[in-house]
Amino acid sequence: MQFTTFALAALSLGSAIATPIVGFKPFDQAVVAVANAKTVVQEQVASINVLLKGTPTDETVTKIQKSLVTVGAQVNGLHEIVLALGDFGSTPLSDAQLAKIPEFAENYKGIFIGIEAIGKKVTSSGLNVDVIAQVKPELQWVLSTASPIARPILAFVQVAAAVDVKLFTPVTTVLVNIQSLITLVIGPLSGLKVTLA
């Protein structure tokens, strides 16, 4: 009886050791994290749009700052996760992972489209100089999160799923616009109306 139990345990252990790891685990983590980040960004875009419809009060400004901090924290939280994609080596993505690439691309684009929308809305909403000055640090932080997150993901896709790179490249124009908004935010913002591509 003891021998049989030992033999079964050994067989089970041997099977576990022999079973190869399928796919690239950091990609699965990135898929989930990017999807969550996109959801948070979209929620905050909607919130900021509502907050900027009326004449801003101190409470409104505080809420805008809070939304910006939420976005900045969420997107910055992706940094280590997307950097881990750089460890991609000889293990190919599994079929199931490759099937997730289009969804991953949509969520990836959604983050940066949302960040761009926030930047455009805040800088072109007719807020006075004092209000802009109050939200400027948070807005600059949000805008500056984009490129450090976008680059590692694009580099990963170019190696791991080169055929799908075209799904990710439209973000380039969005990133250019975000960079223009960063330049705008660093400079004076009084009376600005933003027109970007």
Side-chain angles (χ1 to χ4, degrees), residues 29-53 56 60-86 101-127 131-158 164-189 192-197:
Q29 296 169 334
V31 167
V32 173
V34 167
N36 290 340
K38 186 204 76 170
T39 298
V40 170
V41 170
Q42 288 183 332
E43 289 172 350
Q44 299 310 316
V45 169
S47 177
I48 288 171
N49 283 340
V50 171
L51 290 169
L52 288 173
K53 282 183 178 179
T60 302
V61 173
T62 300
K63 288 181 178 180
I64 292 172
Q65 289 172 320
K66 184 177 179 181
S67 283
L68 292 171
V69 168
T70 298
V71 171
Q74 186 70 36
V75 179
N76 268 293
L78 294 174
H79 198 250
E80 288 188 13
I81 295 170
V82 301
L83 285 180
L85 295 176
I101 290 286
E103 177 188 353
F104 184 54
E106 284 304 307
N107 290 332
Y108 167 83
K109 289 185 288 186
I111 289 172
F112 305 113
I113 290 170
I115 290 174
E116 179 192 23
I118 289 171
K120 286 182 175 181
K121 187 67 177 178
V122 174
T123 57
S124 64
S125 59
L127 295 176
V131 173
I132 287 288
Q134 290 181 67
V135 302
K136 181 175 177 178
E138 292 83 5
L139 179 59
Q140 187 173 337
W141 182 45
V142 166
L143 296 172
S144 68
T145 63
S147 288
I149 299 303
R151 286 194 301 265
I153 292 177
L154 185 56
F156 164 75
V157 173
Q158 288 172 332
D164 292 315
V165 167
K166 61 184 179 295
L167 300 176
F168 294 79
T169 51
V171 169
T172 302
T173 300
V174 178
L175 292 173
V176 169
N177 285 344
I178 290 172
Q179 189 59 47
S180 297
L181 286 163
I182 292 173
T183 303
L184 193 64
V185 171
I186 291 173
L189 286 169
L192 288 174
K193 293 293 181 182
V194 181
T195 303
L196 299 173

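We number each residue from 1, following the sequence as shown. The structure presented is a predicted model; accordingly, all values stated were derived computationally and were not measured.
A distance of 9.0 Å separates CD1 in Ile182 from CG in Leu139, rounded to the nearest 0.5 Å. Expressed to the nearest 0.5 Å, how far CG of Leu184 lies from NZ of Lys120 amounts to 12.0 Å. Distance check, rounded to the nearest 0.5 Å: CD of Gln140 to CG of Leu68 gives 12.0 Å. Atom-to-atom distance recorded for Glu116:CD and Thr173:OG1 is 9.0 Å, nearest 0.5 angstrom. Residue Ile178 holds its CD1 atom at 12.0 Å from OG1 of Thr183, rounded to the nearest 0.5 Å.
His79 places a side-chain heavy atom less than 4.5 Å from the side chain of Ile149. For the pair Lys121/Asn49, a side-chain contact is recorded, criterion being any heavy-atom separation below 4.5 Å from C-beta on. Considering only heavy atoms from C-beta on, Ile111 stays 4.5 Å or farther from Asn107 through its side chain. When side chains are defined from C-beta on, Val82 does not count as touching Phe156, because their heavy atoms never get closer than 4.5 Å.
Contact record, Leu83 with Pro152: CD2-CG, 4.1 Å, taken as the closest heavy-atom pair. Minimum heavy-atom separation, Leu167 to Pro102: CD1-CA, 4.0 Å. Annotation for Pro170 and Lys109: closest pair CB-CD, 4.4 Å, computed over non-hydrogen atoms.
A side-chain donor-acceptor contact under 3.5 Å links Gln65 to the backbone of Gln134. Side chain of Ser47 to main chain of Glu43: no donor-acceptor pair is present (N/O by atom type, distance under 3.5 Å, no hydrogens or angles).
When each of Val142, Val34, Thr145 is paired with Val75, the side chain to side chain contact (heavy atoms under 4.5 Å, CB included) condition holds for Thr145 and for no other. The side chain to side chain contact (heavy atoms under 4.5 Å, CB included) test with Ser125 is passed by exactly one of Leu52, Leu51, Ile64: Leu52. Tested against Val135 for a side chain to side chain contact (heavy atoms under 4.5 Å, CB included), the candidates Thr62, Ile48, Val122 yield a single pass: Val122.
With sequence neighbours left out, the ring pair (Phe, Tyr, Trp, His ring centres under 6.0 Å) criterion links Phe112 to Tyr108. The side chain to side chain contact (heavy atoms under 4.5 Å, CB included) test applied to Ser147 returns Arg151, Leu175, not counting sequence neighbours. Residues satisfying the side chain to side chain donor-acceptor pair (under 3.5 Å) test with Lys66, not counting sequence neighbours, are none.
For Lys63, the NZ atom is loosely surrounded, since the number of other residues' heavy atoms within 6.0 Å does not exceed 12. More than 12 heavy atoms of other residues, nucleotides or ligands shown are found within 6.0 angstrom of NZ on Lys166.
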Under the criterion side chain to side chain contact (heavy atoms under 4.5 Å, CB included), I'd like the reasoning laid out for Val171 against Ile153: C-alpha separation, chi angles, the key distance, then a yes or no. CA-CA 11 Å; Val171 169; Ile153 292 177; over 6 Å; no

